[in-house]
**Student:** 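The structure is given below, and queries will be raised subsequently.
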Number of protein chains: 2
Amino acid sequence: MADAIDPQKSTRDQILDEALKCFAERGYEGTSLNDIAAGVGIRRPSLLHHFPSKENLYENLFERLLSDWMERLEVSIASPVSGWDKAELVLRSGFSLFADTPDYVRIMRREALDGGEHLGIDLAAVLKPLFDAAVIYLDEQMRAGTFRTHDSRHLLITGYGAILTYFSDAPFIDELLEDRALTAKNVNDHCEHVIGFFRAALLN
Amino acid sequence: MADAIDPQKSTRDQILDEALKCFAERGYEGTSLNDIAAGVGIRRPSLLHHFPSKENLYENLFERLLSDWMERLEVSIASPVSGWDKAELVLRSGFSLFADTPDYVRIMRREALDGGEHLGIDLAAVLKPLFDAAVIYLDEQMRAGTFRTHDSRHLLITGYGAILTYFSDAPFIDELLEDRALTAKNVNDHCEHVIGFFRAALLN
DNA sequence: AGCACTACCTACCAGTAGGTAGACGAATAG
DNA sequence: CTATTCGTCTACCTACTGGTAGGTAGTGCT
């Protein structure tokens, strides 16, 4: 059952990796510390030597997730392009971010579904500044006539759902497509589709 | 902790109602039979008198969900309108369906996230015929020039994500909107937004 | 009255959960 | 060379899980 995990990695990082995989696949309640420990090749008490509790492990994982994401997203958000190019850049960087970390997407999704019960962190509170900044940006573009008029908040929620779902619900989409959703080709196809769809909806 | 549940309802139906609520809120693993029984106001063994096992209870719930949905969706799918009117009708009936049963949406979402592990039913297999029919319909419209050209399968996945997310992730969206996502007004706003967005993307 | 049936109960079972205590061995520092 | 620290282990704890056993009211039929 133990995976071929890079033996150079510290046990702590191996635990975080394995926990990411398990929590993404089976959720917080569906994952036992024994599952994670077994995946790493140690016993549960040894795991608890590195993280004082299941909840603490989960929170560490989630903090790493959020800081990774924020870091990568802020780079593209801060870029100097404007108008549609900016929207496209953010969409593309979101796609590559999620394609690199589909397990993060699933955990994040589970957390949004639960309303963030397992966390000391308030997920929505962390993302809200980004949301608000995006609302302001979209409203400016619409006022300037660069984008067609939509309700910017609902537009963002639509985009959030459209993009994240492809990664979070990959096992389900596999069956609809009769193919692995997360192959490079399929991810790219979906990315191009979403960008084309948004362009058609936003540009005249 | 016991809710004000209509005392006329049979115990069996009260159990199904409470189970729906619990599974939607906390997931399959996160819900214990004690939780459900307590919500109904009976003990766990009495619950197990009505359903032989947790899994059986869950499957009963899910079968009711799927048959309700299929029944309501097929009515609008079978309607004689065509072109954009048909797409709009299906979108609207989907919205009213989901708005009526947001707990169903959350359970369904959890199932899609897990890949359907708790079920004898294969969720994707049930929905695939609808998916395939919709692909054929969209391809026809695009070939006829009624709709702009998109990848119809990815379009459907985008729509699936955009619509379901609003209901499944309602607790999270509450915080982004700083308002209850599932008020009649907000649901209606989101519905109008999504329809407007799809119209802009599909029609010239 | 006698019987079967429903719906509930308390008490219990084996199994597993997260978490703790304390021992062991290896490495390391003084 | 000793003392300490680190990471791991086995053995254990309590709480809770899904599920079972057996019993008991109440209902309605014969």
Side-chain angles (χ1 to χ4, degrees), chain A residues 1-3 5-62 107 110-111 114 116-120, chain B residues 1-3 5-62 107 110-111 114 116-120:
Chain A
M1 196 63 64
D3 314 26
I5 288 180
D6 183 356
Q8 292 185 73
K9 278 200 169 175
S10 70
T11 304
R12 189 190 154 90
D13 283 344
Q14 287 183 53
I15 292 169
L16 282 169
D17 288 346
E18 184 67 24
L20 169 62
K21 205 180 86 181
C22 291
F23 285 137
E25 261 173 37
R26 298 190 289 282
Y28 184 82
E29 316 279 356
T31 300
S32 79
L33 294 183
N34 276 327
D35 294 338
I36 301 170
V40 175
I42 57 176
R43 306 278 161 266
R44 187 178 65 258
S46 309
L47 186 156
L48 286 164
H49 171 75
H50 296 273
F51 298 91
S53 70
K54 184 181 184 181
E55 201 171 317
N56 178 279
L57 168 59
Y58 187 79
E59 284 178 10
N60 265 276
L61 196 63
F62 215 86
I107 288 189
R110 290 184 188 278
E111 212 52 46
D114 292 345
E117 295 174 8
H118 319 298
L119 290 168
Chain B
M1 195 65 62
D3 314 28
I5 288 181
D6 183 356
Q8 291 185 75
K9 278 198 171 179
S10 70
T11 304
R12 190 190 153 90
D13 283 343
Q14 286 183 54
I15 292 169
L16 281 169
D17 288 346
E18 185 66 26
L20 169 63
K21 205 180 86 183
C22 290
F23 285 137
E25 262 173 36
R26 299 190 289 282
Y28 184 83
E29 317 279 355
T31 300
S32 80
L33 294 183
N34 276 328
D35 295 337
I36 301 170
V40 174
I42 58 176
R43 304 280 159 267
R44 186 177 66 258
S46 310
L47 187 158
L48 286 164
H49 169 74
H50 295 273
F51 298 90
S53 71
K54 184 183 185 181
E55 199 171 318
N56 177 278
L57 167 59
Y58 187 80
E59 283 179 10
N60 264 275
L61 199 61
F62 214 86
I107 288 188
R110 289 182 187 279
E111 213 52 47
D114 292 345
E117 295 174 7
H118 319 298
L119 290 167

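Chain A is the first sequence line, chain B the second, and so forth, proteins listed ahead of strands; every chain is numbered from 1.
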**Student:** In whole Å, I'd like the distance from the CD1 atom of B:Ile42 to the P atom of C:dT10.
**Tutor:** 12 Å
**Student:** Holding to ring pair (Phe, Tyr, Trp, His ring centres under 6.0 Å), I want the full list of residues that pass it with A:Phe51, two or more places apart in sequence or in another chain.
**Tutor:** none
**Student:** Under the ring-ring contact (aromatic ring centres under 6.0 Å, His included) definition, can you give me all pairs with a residue in residues 14-45 of chain B, not counting sequence neighbours?
**Tutor:** B:Phe23-B:Tyr28, B:Phe23-B:Tyr58, B:Tyr28-B:Tyr58, B:Tyr28-B:His118
**Student:** Which nucleotide span of DNA chain D, 5' end to 3' end, has atoms closer than 4.0 Å to non-hydrogen atoms of chain A?
**Tutor:** D:dG7 to D:dA11
**Student:** Report the distance from atom CD of B:Gln14 to atom C1' of C:dA7, rounded to the nearest whole Å.
**Tutor:** 13 Å
**Student:** With sequence neighbours left out, what residues match A:Ile42 under side chain to side chain contact (heavy atoms under 4.5 Å, CB included)?
**Tutor:** A:Thr11, A:Ile15, A:Ala37, A:Val40, A:Ser46, A:Leu47
**Student:** Residues two or more places apart in sequence or in another chain: which of them pass salt bridge (Lys or Arg N to Asp or Glu O under 4.0 Å) with B:Arg26?
**Tutor:** B:Asp35
**Student:** Would you tabulate the nitrogen or oxygen pairs shorter than 3.5 Å linking the protein to nucleotides 24-28 of chain C?
**Tutor:**
none

**Student:** With rounding to the nearest 0.5 Å, note down the distance linking CG in B:Leu16 to NZ in B:Lys21.
**Tutor:** 14.0 Å
**Student:** Please enumerate all residues that pass side chain to side chain donor-acceptor pair (under 3.5 Å) together with B:Arg12, with sequence neighbours excluded.
**Tutor:** B:Asn60
**Student:** Show every salt bridge (charged side-chain N to carboxylate O under 4.0 Å, His left out) that has at least one partner inside residues 50-61 of chain A, sequence neighbours left out.
**Tutor:** none
**Student:** Going by the rule side chain to side chain donor-acceptor pair (under 3.5 Å), which residues pair with B:Asn34 if we only count those two or more places apart in sequence or in a different chain?
**Tutor:** B:Arg44
**Student:** Apply side-chain contact (heavy atoms from CB on, under 4.5 Å) to the pair A:Arg110 and B:Asp114, showing each step before the final yes or no.
**Tutor:** CA-CA 10 Å; A:Arg110 290 184 188 278; B:Asp114 292 345; 2.7 Å; yes
**Student:** Of A:Arg44 and B:Arg44, whose closest DNA chain D nucleotide lies nearer the 5' terminus?
**Tutor:** A:Arg44
**Student:** Begin from the C-alpha positions of A:Leu57 and A:Leu48 and carry the test side-chain contact (heavy atoms from CB on, under 4.5 Å) through to its verdict.
**Tutor:** CA-CA 9 Å; A:Leu57 168 59; A:Leu48 286 164; over 6 Å; no
**Student:** Considering every strand and a 4.0 Å limit on heavy-atom distances, what is the contact class for A:Leu48: base, sugar-phosphate, or nothing?
**Tutor:** base
**Student:** Could you tell me whether B:Ser46 contacts a base, only the sugar-phosphate backbone, or nothing, with contacts defined as non-hydrogen atoms closer than 4.0 Å?
**Tutor:** base
**Student:** Rounded to the nearest 0.5 Å, what separates atom CG in B:Leu33 from atom CZ in B:Arg43?
**Tutor:** 14.0 Å
**Student:** Quick one: on DNA chain C, does B:Thr11 or A:Asp35 contact a more 5' nucleotide (nearest heavy atom)?
**Tutor:** B:Thr11
**Student:** Could you check which residues of residues 49-61 of chain B get a heavy atom under 4.0 Å from DNA chain D? Sort them by number, please.
**Tutor:** B:Ser53, B:Lys54
